[in-house]
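A short write-up of the structure that comes next.
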Amino acid sequence: MDLPRSFTIRESSHRIHNPFTSDKLAALGQALDLAPGTRALDLASGSGEMLCTWARDHRITGTGVDISTEFTARARARAAELGVAEQVTFVHGDACGHVADEPVDLAACIGATWIGDGVAGTVALLQRSLRPGGTMLIGEPYWRHEPPDQETVEACHAAARDDFRPLPELIEQFGALGYDVVEMVLADQDSWDRYRAAQWLNIRRWLDRNPDDELAAELRAELSADPARYAKYEREHLGWGVFALMSR
Ligand code: SAH
């Protein structure tokens with residue numbers, strides 16, 4: 001049970017595995033006005049940057065669950081580096097169906113709503129860990145511009161147009177599920193570049209060091225094609241944001 005190796009190569013330098021910069025992550029933490037001692041659960045916590053920096057900056061505590069052994073190890077190292085290892089715990093495991101032992105104040109899934117089979121299922125999953133009146137965070141893509149064709153849809157990592165919604169419809173979906181949207185911080189094209197363009201340098205450096213690796217041909221082909229493909233499709237059409245929700 002682990003994340004395919006190509007992911008950890010592509011995102012080897014990333015602390016945030018999403019189109020957020022550290023500034024945007026900090027802005028979200030500030031926007032939420034987190035009280036010291038806030039208890040958080042982060043499903044698909046990646047390299048743990050959200051819990052670790054918010055533990056440092058807002059003195060929250062929390063647990064992250066992620067299926068990647070490498071990202072989980074990095075998250076533990078980051079907690080030690082920031083001096084918050086007493087406040088945060090990172091568990092290697094499958095977050096599908098994961099429910100906290102004790103209800104938490106803040107339950108998050110940032111950029112991994114497939115763990116609940118989509119937005120609605122992930123909201124329902126997180127709700128099971130949340131105390132009454134708690135806050136939920138969902139990180140999710142949306143269409144900045146309607147995709148004109150199936151080629152664009154697939155280049156944005158969707159199978160069908162309806163896999164994502166335009167921003168107003170995504171917000172309406174949270175309402176229809178019974179939640180107030182109480183905050184949001186959105187990616188922009190520059191923060192998308194920090195996520196996606198940073199992958200190219202990681203791949204190039206890895207290729208230079210590992211020309212004979214079994215993944216080399218696949219990653220070489222990706223590096224040759226991805227920058228133009230990203231500029232043409234994903235950078236223009238795909239938005240991304242984190243939405244803070246409270247049950248009505
Ligand atoms: N929330 C983090 C990571 C987002 S990337 C951040 O914003 O930086 C998506 C993450 O989902 C990866 O770390 C991957 O390892 C994790 N993941 C994928 N499937 C998972 C599953 N079934 N259970 C737990 N984590 C999973």
Side-chain angles (χ1 to χ4, degrees), residues 1-29 32 40-56 60 62-79 81-82 88-100 104 106-119 121-126 128-129 135-142 156-158 163-164 184-188 191-196 198-199 202 234 238-245:
M1 181 180 64
D2 213 330
L3 196 63
R5 195 161 60 100
S6 58
F7 282 78
T8 49
I9 295 168
R10 197 181 288 116
E11 301 190 12
S12 59
S13 72
H14 292 60
R15 287 201 169 116
I16 301 169
H17 304 276
N18 268 310
F20 254 20
T21 55
S22 50
D23 284 351
K24 284 190 183 284
L25 192 59
L28 176 64
L32 294 173
L41 173 70
D42 188 9
L43 298 185
S45 46
S47 297
E49 191 69 0
M50 184 174 82
L51 286 182
C52 289
T53 55
W54 291 2
R56 176 193 63 191
I60 71 164
T63 300
V65 181
D66 198 280
I67 209 162
S68 166
T69 45
E70 182 163 335
F71 291 169
T72 302
R74 278 200 240 158
R76 290 174 183 147
R78 184 69 170 149
E81 182 188 352
L82 297 186
V88 292
T89 306
F90 292 99
V91 179
H92 173 239
D94 190 344
C96 296
H98 182 99
V99 177
V104 297
L106 184 72
C109 177
I110 309 298
T113 51
W114 57 84
I115 66 163
D117 205 20
V119 168
T122 301
V123 166
L125 172 63
L126 291 175
R128 293 170 61 197
S129 293
T135 301
M136 189 181 293
L137 298 179
I138 296 277
E140 182 69 5
Y142 58 85
C156 293
H157 313 287
D163 287 356
F164 305 135
M184 69 178 187
V185 175
L186 304 181
D188 55 29
S191 67
W192 264 109
D193 296 346
R194 289 307 82 235
Y195 174 54
R196 293 285 280 105
Q199 297 175 355
N202 292 339
E234 202 176 333
L238 208 56
W240 192 86
V242 178
F243 303 87
L245 316 176

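Being a predicted model, the structure only gives us computed values, none of them experimental. Numbers here are sequence positions counted from 1. Each ligand, and each atom within it, is numbered from 1 in the order the structure gives.
The protein heavy-atom contact nearest to atom 6 (C) of ligand 1 is N18 ND2, 3.5 Å. Closest to atom 23 (N) of ligand 1, if we only count protein heavy atoms, is A95 N, 2.8 Å. Of the protein's heavy atoms, A44 O, 3.3 Å lies nearest to atom 2 (C) of ligand 1. Nearest protein neighbour of atom 9 (C) of ligand 1, counting heavy atoms only, is G111 O, 3.8 Å. The protein heavy-atom contact nearest to atom 8 (O) of ligand 1 is H17 N, 2.9 Å.
Remark: ligand 1 and I110 share an N or O pair separated by less than 3.5 Å (distance only, no angle test). Between S45 and ligand 1, no N or O atom pair is found at a separation short of 3.5 Å.
Checking E49 against H14 by side-chain atom types alone, no donor-acceptor pair falls below 3.5 Å.
Looking at heavy atoms from C-beta onward, I138 lies in side-chain contact with L126 at the 4.5 angstrom threshold. Proximity of K24 to D188: side-chain heavy atoms (C-beta onward) are separated by under 4.5 Å at one or more points. For the pair I110/W240, a side-chain contact is recorded, criterion being any heavy-atom separation below 4.5 Å from C-beta on.
Proximity to I16 (heavy-atom distance under 4.0 Å) selects the following atoms of ligand 1: 8 (O). Contact atoms of ligand 1 toward C96: 22 (N) (distance under 4.0 Å to a heavy atom of the residue). Every atom of ligand 1 is numbered from 1 in the order shown, and the set under 4.0 Å from a heavy atom of S68 is 15 (O). Proximity to D94 (heavy-atom distance under 4.0 Å) selects the following atoms of ligand 1: 21 (C), 22 (N), 23 (N). Atoms of ligand 1 found under 4.0 Å from any heavy atom of G93, numbered from 1 in the order shown, are 23 (N), 24 (C).
When the ring pair (Phe, Tyr, Trp, His ring centres under 6.0 Å) test is applied to F243, the partners found at least two apart in sequence or on another chain are F174.
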With side chain to side chain contact (heavy atoms under 4.5 Å, CB included) as the criterion, how do R194 and I16 come out once you've worked through the C-alpha distance, each side chain's angles and the decisive distance to 0.1 Å? CA-CA 10 Å; R194 289 307 82 235; I16 301 169; over 6 Å; no
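Judged by distance alone, with hydrogens and angles left aside, the side-chain atoms of N18 form no donor-acceptor pair with the main-chain N or O of F20 at under 3.5 Å.
The shortest heavy-atom contact between A95 and L43 is CB-CB, 3.9 Å.
Heavy atoms from both the backbone and the side chain of D66 come within less than 4.0 Å of ligand 1. When non-hydrogen atoms are compared, ligand 1 lies under 4.0 Å from neither the backbone nor the side chain of C109.
In this structure, OG on S45 lies 10.5 Å from NE2 on H92, to the nearest 0.5 angstrom.
Counting heavy atoms only, W114 comes closest to atom 19 (N) of ligand 1 of the residues W114, F71, Y195, F7. Here atom 17 (N) of ligand 1 lies nearest to I67 when heavy atoms of L137, I67, V91 are compared.
Around atom CG of D2, more than 12 heavy atoms belonging to other residues, nucleotides or ligands sit under 6.0 Å away.
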